[in-house]
Amino acid sequence: MAKSPIVGTAGTGRPKTAKPRPEAGPGPKTAPAPAGSAPDDAPGRKPTARRAASKTADAAETARIEQIFARFQAASPHPEGELHYVNPYTLLVAVALSAQATDVGVNRATKPLFAIADTPQKMVALGEDRLREMIKTIGLYRTKAKHVIALSQRLIDDFGGRTPQDRAALETLPGVGRKTANVVLNIAFGAPLIAVDTHIFRVSNRVPIAPGKTPLAVELGLERVTPERYKLHAHHWLILHGRYVCKARRPECWRCLIEDLCRFPDKARPAAQKAARAQDGA
């Protein structure tokens, strides 16, 4: 009969049994996390300190933009555009003519024009040849004359001779884009819209208020950050500020009413002031 193997110690003659290993006990106890919560280092979640800092920065930026428009309003409570017009239709024509031209030059041409053609019907009756002659001092006058006659005819055919109060409808007219439509809706009909031209694009990116790489991006950004109570006049404040103070080549920072709120790094300094004044007096 085969003997069972024995585990023993030399010299004792007594068998030695293997001791069972103790089972691993539970680790340190931790309080369960509240339902629906996630740890600070969970993926996609910012640490509490960073969230608080972000909220503080957002609040400071909101206050800065509020102060910018509050100062514009205090300085000019009821700003007005510089294009001359007598009704929504003539405003539409004036804005269409102002592309790549100065308001002063457009006003000089439209004063006699609107005296004889202040409705779509009268403009079509005037005719493209005569219109072209009357606006030949304005840049791109040949193309603009075609557009004015064409948009006037469209207003007669599709809108009963009235200027539509809808951006999509305005943009269907020849020579009318989003900027022109926004200007007409804002000035003629009191819509709280911001038309982004070269001046507003520059000011918004330079200060900055709502930086963007395209006019549409700046427009949407301005609509998002501009407090509601300032939106009606925001277009005029920004365009006039860009035209007369925050100029493209030589911003006149020394007389800017929001200079302390502006983050433009290359502000005009006293030496630049003297150079600018010397050149202006030359």
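Computed over heavy atoms, backbone and side chain alike; hydrogens, waters and symmetry mates excluded.
Checked by atom type and distance alone, the side chain of Arg162 never pairs as donor or acceptor with a backbone atom of Ile156 at under 3.5 Å. The backbone N or O of Glu259 lies less than 3.5 Å from a partner atom in the side chain of Lys267, making a donor-acceptor pair. Looking at Asp103, its side chain never comes within 3.5 Å of a backbone N or O of Ser98 through a donor-acceptor pair. Under the 3.5 Å distance criterion, the side-chain polar atoms of Asn205 are matched with a main-chain donor or acceptor of Gly212. A donor-acceptor pair is defined here as one N or O able to donate and one able to accept, closer than 3.5 Å; no such pair exists between the side chain of Arg132 and the backbone of Ala145. Lys144 places a side-chain N or O within donor-acceptor distance of the main-chain N or O of Ala99, the cut-off being under 3.5 Å. The closest donor-acceptor contact from the side chain of Asn182 to the backbone of Leu193 lies at 3.5 Å or more, if one exists at all. The backbone N or O of Ala210 lies less than 3.5 Å from a partner atom in the side chain of Ser204, making a donor-acceptor pair. Remark: side-chain polar atoms of His236 are paired, donor with acceptor, to backbone N or O of Gly81 under 3.5 angstrom. With Arg167 contributing its side chain and Arg178 its backbone, the two residues share no donor-acceptor pair below 3.5 Å.
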* Do Leu170 and Leu173 pass the side-chain contact (heavy atoms from CB on, under 4.5 Å) test, and can you show the C-alpha distance, the side-chain angles, and the key distance before you say yes or no? -> CA-CA 6 Å; Leu170 284 168; Leu173 301 174; 4.1 Å; yes
(message) Does Glu66 form a side-chain contact (heavy atoms from CB on, under 4.5 Å) with Tyr230? I'd like the steps, not just the answer.
(response) CA-CA 9 Å; Glu66 162 74 29; Tyr230 300 125; 2.9 Å; yes
Does the pair Ile200 and His235 meet the rule for a side-chain contact (heavy atoms from CB on, under 4.5 Å), with working shown? CA-CA 8 Å; Ile200 295 180; His235 166 77; 3.5 Å; yes
Report task. Go through Asp266 and Arg206 one step at a time and tell me if the salt bridge (Lys or Arg N to Asp or Glu O under 4.0 Å) criterion holds. Result -> CA-CA 10 Å; Asp266 299 323; Arg206 179 182 280 175; over 6 Å; no
Trace of the side-chain contact (heavy atoms from CB on, under 4.5 Å) decision for Thr110 with Thr90
CA-CA 9 Å; Thr110 57; Thr90 53; over 6 Å; no
- request: Test side-chain hydrogen bond (donor to acceptor under 3.5 Å, both in side chains) on Ser152 and Tyr89 and set out the steps.
  value: CA-CA 9 Å; Ser152 299; Tyr89 168 72; 2.6 Å; yes
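Ion pairing between Arg263 and Glu61 holds under the 4.0 Å rule for side-chain N and carboxylate O. By the 4.0 Å N-to-carboxylate-O rule, Arg224 lies too far from Glu219 to be salt-bridged with it. Salt-bridge check for Arg130 with Glu133: failed, with every basic side-chain N at 4.0 Å or more from each acidic carboxylate O. Using a cutoff of 4.0 Å between basic side-chain nitrogens and carboxylate oxygens, Lys146 and Glu128 are scored as salt-bridged.
Phe72 is listed as a side-chain neighbour of Leu238, based on a closest heavy-atom distance under 4.5 Å. In this structure, Met123 and Leu151 have side chains that are not in contact, with every pair of non-hydrogen atoms separated by 4.5 Å or more. Side chains of Leu83 and Val183 form no contact here, defined as non-hydrogen atoms less than 4.5 Å apart. Using a 4.5 Å heavy-atom threshold, the side chains of Val184 and Thr163 count as touching. Side-chain contact between Leu261 and Val207 is absent, with no heavy-atom pair separated by less than 4.5 Å.
Contacts of Asp158 classified as salt bridge (Lys or Arg N to Asp or Glu O under 4.0 Å), with partners at least two apart in sequence or in another chain: Arg154.
The two residues Ala234 and Ile194 come nearest to each other via the heavy atoms CB-CD1, 4.0 Å. Nearest heavy-atom pair across Val218 and Pro211 is CG2-C, 4.4 Å. The minimum heavy-atom distance linking Val203 with Gly242 is given by the pair CG2-CA, 3.5 Å. The heavy-atom pair separating Pro164 from Ala169 by the smallest distance is CB-CB, 3.9 Å. Minimum interatomic distance between Ala109 and Ile138 (heavy atoms only, all atoms of both residues): CB-CD1, 3.7 Å. Residue Ile65 comes nearest to Val225 through the heavy atom pair CG2-O, 3.8 Å, listed as atom of the first residue, atom of the second, then distance.
Using the six-membered ring where Trp is involved, Phe69 and Trp237 have ring planes that are tilted, between 30° and 60° apart.
By the criterion of side-chain heavy atoms lying less than 4.5 angstrom apart, applied directly or through intervening Ile, Leu, Val, Met, Phe, Trp or Tyr residues, Leu97 is not grouped with Leu140; the two fall into different hydrophobic clusters. A continuous path of Ile, Leu, Val, Met, Phe, Trp and Tyr side chains, each step under 4.5 Å between heavy atoms, connects Val93 with Leu185, placing both in one hydrophobic cluster. Cluster membership check: Ile209 shares its hydrophobic cluster with Leu257, using side-chain heavy-atom separations under 4.5 Å among Ile, Leu, Val, Met, Phe, Trp and Tyr. Placement of Met134 and Leu92 within a single hydrophobic cluster is found when ILVMFWY residues are connected by side-chain heavy-atom separations under 4.5 Å, directly or transitively. Tyr141 and Ile116 fall within a single hydrophobic cluster, where Ile, Leu, Val, Met, Phe, Trp and Tyr side chains are chained together by heavy-atom contacts under 4.5 Å.
From Leu126, atom CG reaches atom CG of Leu131 across 6.0 Å, with rounding to the nearest 0.5 Å. For the atom pair Thr198 OG1 and Lys179 NZ, the distance stands at 8.5 Å (nearest 0.5 Å). Atom CG of Leu232 sits about 10.5 Å away from atom NE2 of His78, to the nearest 0.5 Å. The NE2 atom of His84 sits 11.0 Å away from atom CZ of Arg108, with the distance rounded to the nearest 0.5 Å. Note that CD of Gln73 is 8.0 Å distant from CZ of Arg229, once rounded to the nearest 0.5 Å. Of the inter-residue distances, the one linking Cys253 atom SG with Lys247 atom NZ reads 11.5 Å to the nearest 0.5 angstrom.
Using modelled atom types and a 3.5 Å distance limit, the side chains of Glu82 and Asn107 yield no donor-acceptor pair. A donor-acceptor pair shorter than 3.5 Å cannot be found between the side chains of Glu252 and Tyr244.
Checking Cys246, Ser76, Pro79 one by one against His241, the side chain to side chain contact (heavy atoms under 4.5 Å, CB included) holds for a single residue, Cys246.
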